[in-house]
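What follows is one structure encoded as structure tokens, with my remarks underneath.
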Amino acid sequence: MSIASVYNQVKNSLNSNVTLIAVSKTYPEECLQQAYNAGARDFGESKVQELTRKYENLPKDITWHMIGHLQTNKVKYIAPFVSLIHSVDSLKLLQEINKQARKNNRTIDVLLEVHVAREQTKSGLTPLQINELMAMSELAELENIKVRGLMSIGTFTDDESITRSEFEQVKNLFDKYPKFDILSMGMSGDYQLAVEYGSTMVRVGSMIFGARDYSK
Ligand SMILES: *Cc1c(COP(=O)(O)O)cnc(C)c1O
């Protein structure tokens, strides 16, 4: 099936209150253009250099999402145009995003990346660390960022009960903060389940674009 038809199929399966992000990391620009032609406007990338290149070469009405680990020294490259940074995991990074947003006369929306998965290697903050960060007075001083909600990456597993329990933990944390309005949860393998648990933004890559080739 073509990129356009799978994109439309996934899109049509979702309620209008759920944003579908086409996760286009590693795929060539022609593939993004095909999804764009089918109506996709939200794209997710995980590397700063690739994101910046694609931003420059593709239509300017695209909403760009940074979903990968972000180093503070690279924030400046995406600050002029990025719409939402999903992967914030420290106060230091928030402070840098705030600084670069101010330089660009913007407010940048961000999500805090929450870690509930079992794998130790996964990045993100534990629910306890998120509560601590949200309580910091330094956070309130950052006028050029807006913390809109949470992003989570689940354990890679076939065991649905693990996925459900993780989604539930993330949703419970999300509900503690009435100001939050974005819950970025769910990927190709589990986005329907994520929506059941209140996800408002799903990040779907390989299902739309096909198997990824990381060597590119
Ligand atoms: C790659 C990636 C996705 C998309 O994964 P698929 O399984 O290809 O849908 C979603 N979220 C993050 C953070 C990613 O890095």
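When a ligand or atom number is given, it counts from 1 through the structure's own listing order.
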Ignoring hydrogens and angles, write down the donor-acceptor pairs under 3.5 Å from the side chains of residues 58-69, residues two or more places apart or on other chains.
unit_1	atom_1	unit_2	atom_2	d
K60	NZ	Y55	O	2.9
K60	NZ	E56	O	3.3
K60	NZ	L58	O	3.4
D61	OD1	Y36	OH	2.6
D61	OD2	Y36	OH	3.1
D61	OD2	R41	NE	3.3
H65	ND1	H86	NE2	2.9
H65	NE2	D42	OD1	2.8

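- In this model, no donor atom of one side chain and acceptor atom of the other lie less than 3.5 Å apart for E196 and Q192.
- Side-chain atoms of K11 do not come within 3.5 Å of backbone N or O of G39 as any donor-acceptor pair.
- Under the 3.5 Å distance criterion, with hydrogens and angles disregarded, a donor-acceptor pair is assigned to the side chains of Q33 and N37.
- Side chains of E166 and T155: a donor-acceptor N/O pair is present below 3.5 angstrom, by distance only.
- For ligand 1, the 4.0 Å heavy-atom shell contains residues V23, K25, I67, I153, M187, S188, R203, V204, G205, S206, R212.
- The shortest side-chain heavy-atom distance between F174 and M185 does not fall under the 4.5 Å cut-off.
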